[in-house]
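Encoded as structure tokens, the structure appears first; notes follow it.
Position 1 is the first residue of the sequence, and the numbers go up from there.
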Amino acid sequence: MTKKPYNTTRRQLLAGMGAVGLASAGAGLGTTAYFSDTESFEGNTLQAGTLDLKLDYKASYDGPNGPELIGQAPTEQQLIDQYGDPMEGPLTWEERADLGFACDTEGLIDGDAIPVFDLDDVKPGDYGEVTMSFHICDNPAHVFFRGSVGEDVENGLTEPEAEVDETPDIGELSEAVDVRMWYDENCSNTYDERTGLADVLVVQDISGSMEYAGNGGVIDDGQGGTTTKLEVAKEAVGAFGDTAFADPADVNVGLFTFGNEEYMGDDTPSGDDVGIELAPTNDESTFDATVSNVQAAAQGVGGTALGLAVQEANDFLQANLRPNAQPVLIVLTDGEQFDSTVDELAAANQAKSEGTRIVMIDINDVGDGDPQLLRDMAGSSPTNAGDGDGTDYYQSADSQFATAATDIFDSILQTIVVAEAVLFEGTLAEFGDAFEDGLALDPAPLLGQATTNDICFHPGTHCVAFEWWIDPEVGNEIQGDAVSFDFDFAAVQCRHNAEPTNPFASA
């Protein structure tokens, strides 16, 4: 049946409204009120977010006075005034940059362009370096960098220069200055040319909660069945070793197990010989056999002595460390410390003060355990309680650990063995040609990854570095010559902006 369309006239509408009004008036004569209820969503507001880019730097120069600091922002005094003396002395600029500057730190460069190098007497053999950290405040962003090089200025000819200079009207300095720019992952002010010389000790929790169902040790295997946290950890550690030994980097890997204070390394109670203490080695078969022999402490044995484990594992690692190798502890645990007298953060800070880098793997659901403590323990620089920013901290829920473990160890390996990625290497003139229209910086190298990706920079501190030097054999050709160059950074909104426009690109 076809419905007849409504065709109501304005007169009919007005008449209907009158009827409703009369009915309401009549109902008002009764003795009872209608049931009623009112609900509201009030105070709705929209406020635009913010995206702020701030810079800081530390620059050095090796010239007539030898190696010297020629400038930094924030200054050392500003760092002391704002961050205090957390350990035995104030954090250096490098340590603070590695931990991350807060966006409200006094002394960050925000809107005022300044020169980093302002030198008027450079000579063959001179060297300069600046590490610049940029801070993404509030929201993730794409970051673009532009390097601009001005014209070479001849500034006249001295007699020695005239004898060798074939272009008397054009300066040669930009062609004589060699430069390199790289992602300075640890904000160290130096380019790390090592190919991953590291001695790694995996510190493996073997307490009951890693193995037994009654303690939460049995988890989903990701394929419809069950497994244990310890079994997943063993497989991931074994795969980590396989990759490390196959990599061209020079990485030795060892193993140290722990539970309560009686289960430290290979020191376990009589009759329960499950402890393992293997110094970092490059013998793959020995490492694989050791990993396969890892067992949990006896069922019913309680206690997680995390502080003592870090303390003794670091002592063991330092005693077996190769010359010039980076010591690394990878601590895998699912428990909070109890029945132990060694303070966890104090033990971690002591290890870090001895040069050990600590990577923490936290197997807990979000909100469980003590994630901030593990963040504080992780990293390369001593921290105060609550200050750890999550550098070298990894977390996985119990239910996801079976599938996440290998990826976590892969990420850790990349941060250890991947040398700092070079953005550019060539002359200053070539640098200007390459960067005059700007390019998007890649967050992958600063996240310890080796391949380009489309990830945005998350809020925090990220460092890039630039160094220049003049070959001693350049000679008289550059006498009196001058050249200028600029560095520019730009942040562009990440959200809803997968393909951002380069703000430095030529129109």
Side-chain angles (χ1 to χ4, degrees), residues 198-207 209-210 229-230 232-234 236-238 240-241 244 251 253-261 263-265 275-280 290-291 294 296-297 303-318 320-321 326-338 340 342-364 368-383 385 388-396 401 404-405 408-413 415-416 448:
D199 283 352
V200 180
L201 187 64
V202 178
V203 185
Q204 174 66 60
D205 188 345
I206 58 169
S207 59
S209 59
M210 293 291 295
K229 297 176 191 174
L230 188 59
V232 170
K234 288 169 60 175
V237 171
F240 172 80
V251 180
V253 189
L255 188 61
F256 185 99
T257 59
F258 76 98
N260 62 24
E261 290 195 342
Y263 286 79
M264 284 291 134
I276 289 175
E277 197 172 81
L278 174 68
T290 303
V291 172
V294 172
T304 302
L306 183 57
L308 183 61
V310 169
Q311 182 182 87
E312 295 205 2
N314 182 62
D315 289 345
F316 178 67
L317 176 59
Q318 292 287 344
N320 292 280
L321 190 65
Q326 166 70 53
V328 180
L329 293 180
I330 301 176
V331 184
L332 189 152
T333 184
D334 72 337
E336 297 179 64
Q337 172 163 290
F338 65 98
S340 180
V342 177
D343 182 85
E344 308 98 296
L345 183 55
N349 281 337
Q350 179 60 37
K352 289 188 279 190
S353 71
E354 296 174 12
T356 299
R357 178 178 179 178
I358 300 179
V359 180
M360 300 298 303
I361 303 177
D362 181 8
I363 312 172
N364 271 301
D368 289 348
D370 196 345
Q372 185 57 56
L373 171 64
L374 301 189
R375 289 188 179 94
D376 295 340
M377 295 175 70
S380 301
S381 301
T383 60
D389 65 353
T391 299
D392 288 331
Y393 168 82
Y394 298 81
Q395 180 270 336
S396 172
F401 186 54
I408 289 173
F409 274 97
D410 281 347
S411 296
I412 293 170
L413 184 62
T415 66
I416 294 170

Testing the basics here: between F256 and M264, what is the closest heavy-atom pair and its distance to 0.1 Å?
CZ-C, 4.1 Å
Sub-4.5 Å side-chain heavy-atom contact between D334 and F401:
no
Can you name the nearest heavy-atom pair linking L201 to P280, along with the distance?
CD1-CD, 4.5 Å
Pairwise side-chain contact, R357 with Q326, heavy-atom cut-off 4.5 Å (strictly under)
yes
Check for a donor-acceptor pair, side chain of K352 on one end and backbone N or O of S380 on the other, with a separation under 3.5 Å.
no
Check step by step if side chain to side chain contact (heavy atoms under 4.5 Å, CB included) holds for I358 and D392.
CA-CA 7 Å; I358 300 179; D392 288 331; over 6 Å; no
List the residues meeting side-chain contact (heavy atoms from CB on, under 4.5 Å) with P371, not counting sequence neighbours, and say none if there are none.
D362, R375, Y393
Partner residues of Y263 under the ring pair (Phe, Tyr, Trp, His ring centres under 6.0 Å) criterion, sequence neighbours left out:
none
Going through the checks in order, is the side chain to side chain contact (heavy atoms under 4.5 Å, CB included) test met by F258 and L306?
CA-CA 8 Å; F258 76 98; L306 183 57; 4.1 Å; yes
Judged by modelled atom types alone, do Q372 and D376 share a side-chain donor-acceptor pair under 3.5 Å?
yes
Could you report the tightest heavy-atom contact between L374 and M360, atom names first, then the distance?
O-CG, 3.4 Å
To the nearest 0.5 Å, what is the distance between CD1 (I363) and CD (Q395)?
10.0 Å
Provide the closest heavy-atom pair for M210 versus Q204 in the form atom of the first, atom of the second, distance.
CE-NE2, 3.5 Å
G303 and S207: which non-hydrogen atoms are nearest, and at how many Å?
O-CB, 4.0 Å
Could you go through L317 and V328, starting from their C-alpha distance and side-chain angles, then the distance that decides it, and tell me whether this counts as side chain to side chain contact (heavy atoms under 4.5 Å, CB included)?
CA-CA 8 Å; L317 176 59; V328 180; 5.7 Å; no
Point-to-point distance, once rounded to the nearest 0.5 Å, from CG of N349 to OG1 of T356
12.0 Å
Restricting to non-hydrogen atoms, name the atom on L255 and the atom on V294 that form the minimum distance, rounded to 0.1 Å.
CD2-CG2, 3.5 Å
To the closest 0.5 Å, what do you measure between CG (D370) and OG1 (T333)?
11.0 Å
Just how far is it from atom CG of L321 to atom CG of D199, taken to the nearest 0.5 Å?
5.0 Å
In Å and rounded to the nearest 0.5 Å, what is the CZ to CD1 distance from F409 to I361?
3.5 Å
Nearest 0.5 Å please: distance from the CD atom of Q350 over to the CG atom of D343.
12.0 Å
